Amino acid sequence: MLELFIGDKNYSTWSMRPWLVIQHFNIPFTEHLIAFDHFDVDSQFKQSILKINPTGKVPALVDDGFLIWDSLAICEYLAEKFPEKHLWPQDLKQRARARSMSAEMHSSFMSLRSCCDMNLDADLKHIGAQLWQENLKLQHDVKRIEQLWSERPHPDSFLCADEFTIVDAFYAPVVMRFMGYGIAVSANSQRYIDKILAVPAVQQWIAEAQAEFRFVACEEQYRSQV
């Protein structure tokens, strides 16, 4: 059976992506959640994940002793291992677009990443309003994401197909960030957000994240533990 090693669901966007794919497509797996503490080499988290993944990061997928250690590579591996499940769009051009969008998410939007850490246990809308006013690069990232979302096949579809695919899993953490920080979006983008929030695997991730009840200081830019 596949084993997926992830971090805290409240914080870990990188873990969320392959988890959503494997959960949504009903692929049997065992989940191993390695709780964050901090990320120094002597931390409990690092010591635990280094036993599995020499990069010391999550997510990591192990298939009968074989390691895949990058979220996009994990999803590509799953797509090849389970071709009948159509994890990528079936249309050739939409599949290429989905891969392009996933790669862009994988390597871009640095201002959104640095300013707006995912935190499903916090209402950070007051922070979001301040960040929006002060950070032109954040505005640029959001504008680009909204442009990508606006180009989906039709307003009620997912990003590159009628059905949820890998690319939607890659942009689901963006939906979480937009919600948590109260980022204002167009009506068209809100329709996509609502569609993502209706996906059962997304709902399960959110519920389990909110049930963790853990405060990890190194993941909290804007809150302090009370």
Side-chain angles (χ1 to χ4, degrees), residues 2 4 6-7 9-31 58-59 61 63 68 70-109 112 118 120 142 144-180 183 185-210:
L2 298 171
L4 183 65
I6 63 173
K9 290 177 178 172
N10 188 41
Y11 302 116
S12 185
T13 61
W14 297 101
S15 298
M16 185 181 188
R17 296 164 184 164
W19 188 96
L20 287 179
V21 171
I22 205 169
Q23 186 72 25
H24 176 80
F25 287 97
N26 296 311
I27 297 171
F29 77 111
T30 299
E31 174 188 312
V58 288
L61 182 74
D63 183 7
I68 308 98
D70 172 89
S71 60
L72 186 53
I74 289 169
C75 291
E76 289 281 17
Y77 181 81
L78 294 170
E80 293 192 29
K81 187 176 178 69
F82 301 99
E84 73 283 359
K85 292 185 177 290
H86 304 299
L87 273 60
W88 288 114
Q90 295 185 62
D91 178 80
L92 174 64
K93 291 182 178 179
Q94 287 297 327
R95 187 162 63 251
R97 178 174 174 81
R99 283 193 164 104
S100 297
M101 290 178 65
S102 299
E104 184 173 355
M105 172 50 61
H106 207 49
S107 61
S108 304
F109 309 119
L112 178 66
M118 187 172 78
L120 297 175
V142 172
R144 173 57 180 159
I145 290 166
E146 287 211 82
Q147 178 188 1
L148 289 168
W149 289 2
S150 73
E151 295 168 353
R152 59 195 189 275
H154 54 80
D156 291 320
S157 74
F158 286 97
L159 287 177
C160 295
D162 289 337
E163 305 299 327
F164 182 95
T165 63
I166 288 170
V167 65
D168 298 291
F170 267 69
Y171 282 81
V174 173
V175 170
M176 304 301 107
R177 286 175 157 119
F178 283 7
M179 289 174 51
I183 303 296
V185 297
S186 68
N188 184 283
S189 291
Q190 188 61 51
R191 288 175 77 169
Y192 177 68
I193 287 173
D194 293 342
K195 194 166 187 68
I196 287 294
L197 293 175
V199 173
V202 173
Q203 295 175 348
Q204 182 177 343
W205 179 278
I206 294 171
E208 292 178 6
Q210 293 175 338

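The structure presented is a predicted model; accordingly, all values stated were derived computationally and were not measured.
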A.B. asks: Among E31, Q204, Q210, which residue satisfies the side chain to side chain donor-acceptor pair (under 3.5 Å) criterion with K9?
C.D. replies: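 Testing K9 for a side chain to side chain donor-acceptor pair (under 3.5 Å) against E31, Q204, Q210 leaves exactly one candidate, E31.
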A.B. asks: Taking the side chain as every heavy atom from C-beta outward, state whether L61 and L78 have any atom pair closer than 4.5 Å.
C.D. replies: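 Yes, their side chains come closer than 4.5 Å.
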A.B. asks: Does one side chain, of Q147 or R144, offer a donor that lies under 3.5 Å from an acceptor on the other?
C.D. replies: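 Yes - a donor-acceptor pair under 3.5 Å links their side chains.
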A.B. asks: What's the spacing between H106 NE2 and D70 CG if we round to 0.5 Å?
C.D. replies: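 Between H106 NE2 and D70 CG, I get 3.5 Å after rounding to 0.5 Å.
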A.B. asks: Shortest non-hydrogen contact from Q94 to L159?
C.D. replies: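 Smallest heavy-atom distance, with atoms named: OE1-O, 4.4 Å.
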A.B. asks: Kindly compute the distance separating OG (S100) from CZ (R95), expressed to the nearest 0.5 Å.
C.D. replies: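 CZ of R95 is found 12.0 Å from OG of S100.
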A.B. asks: Might you point out which heavy atoms bring S157 and D162 nearest each other, and give the distance in Å?
C.D. replies: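 Where S157 meets D162 most closely, the heavy atoms are CB-OD1, 4.1 Å.
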A.B. asks: Are the side chain of N10 and the backbone N or O of L120 linked by a donor-acceptor pair below 3.5 Å?
C.D. replies: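 Side chain of N10 to backbone of L120, a donor-acceptor pair under 3.5 Å: yes, one is there.
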A.B. asks: Between CH2 of W149 and CZ of R191, what distance do you get to the nearest 0.5 Å?
C.D. replies: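 Those atoms lie 14.5 Å apart.
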A.B. asks: Could you check whether any side-chain N or O of R17 sits under 3.5 Å from a backbone N or O of A169, counting only pairs where one atom can act as donor and the other as acceptor?
C.D. replies: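 Such a contact is absent between R17 side chain and A169 backbone.
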A.B. asks: So which atom in A172 and which in L20 form the shortest heavy-atom distance, rounded to 0.1 Å?
C.D. replies: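 Here A172 and L20 meet closest at CB-CD1, 3.5 Å.
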A.B. asks: For the atom pair CD1 (I27) and CG (L2), what is the distance rounded to the nearest 0.5 Å?
C.D. replies: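 I27 atom CD1 to L2 atom CG measures 7.5 Å (nearest 0.5 Å).
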A.B. asks: Stepwise, does the side chain to side chain contact (heavy atoms under 4.5 Å, CB included) test hold for F158 with T165?
C.D. replies: CA-CA 8 Å; F158 286 97; T165 63; over 6 Å; no
A.B. asks: Can you confirm whether F82 sits close enough to F25 that some side-chain heavy atom of one is under 4.5 Å from a side-chain heavy atom of the other?
C.D. replies: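 F82 vs F25: side chains apart.
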A.B. asks: Take I206 and M176 through the test side chain to side chain contact (heavy atoms under 4.5 Å, CB included) and record every step on the way to the result.
C.D. replies: CA-CA 9 Å; I206 294 171; M176 304 301 107; 3.8 Å; yes
A.B. asks: Run the side chain to side chain contact (heavy atoms under 4.5 Å, CB included) test on Y77 and D63 for me, step by step, so that the C-alpha distance in whole Å, both residues' side-chain angles and the decisive distance to 0.1 Å come before the verdict.
C.D. replies: CA-CA 10 Å; Y77 181 81; D63 183 7; 2.6 Å; yes
A.B. asks: Quick one: are M101 and F170 in side-chain contact, heavy atoms under 4.5 Å?
C.D. replies: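 No, side chains not in contact.
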A.B. asks: Do the side chains of K195 and D168 get close enough for a salt bridge, i.e. N-O under 4.0 angstrom?
C.D. replies: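 No, K195 and D168 are not salt-bridged.
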A.B. asks: So how far is it from E208 CD to W19 CH2, rounded to the nearest 0.5 Å?
C.D. replies: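 CH2 of W19 is found 5.0 Å from CD of E208.
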A.B. asks: Spell out, as yes or no, whether a donor-acceptor pair under 3.5 Å connects the side chain of S15 to the backbone of G7.
C.D. replies: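 Checking the backbone N and O of G7 against the side chain of S15, a donor-acceptor pair under 3.5 Å is found.
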A.B. asks: Could you grab the distance from atom CZ of F178 to atom OH of Y192, nearest 0.5 Å is fine?
C.D. replies: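 Going from the CZ atom of F178 to the OH atom of Y192 covers 11.0 Å.
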A.B. asks: For a quick test of reading the model, state the closest non-hydrogen atom pair linking S12 to V58 and the distance between them.
C.D. replies: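 Of all heavy-atom pairs spanning S12 and V58, the closest is OG-CG2, 4.2 Å.
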A.B. asks: Heavy atoms only: give me the nearest I74-P18 pair and the separation to one decimal.
C.D. replies: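 For I74 versus P18, the nearest heavy atoms are CG2-CB, 3.8 Å.
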A.B. asks: Has the side chain of R152 got a donor or acceptor atom that lies under 3.5 Å from a matching backbone atom of P155?
C.D. replies: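 Yes, R152 side chain to P155 backbone: donor-acceptor pair under 3.5 Å.
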A.B. asks: For a quick test of reading the model, state the closest non-hydrogen atom pair linking M16 to P173 and the distance between them.
C.D. replies: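 Scanning both residues, the minimum pair turns out to be SD-CG, 3.8 Å.
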A.B. asks: Between Y171 and L148, is a side chain to side chain contact (heavy atoms under 4.5 Å, CB included) present by the stated rule, with each step listed?
C.D. replies: CA-CA 10 Å; Y171 282 81; L148 289 168; 3.4 Å; yes
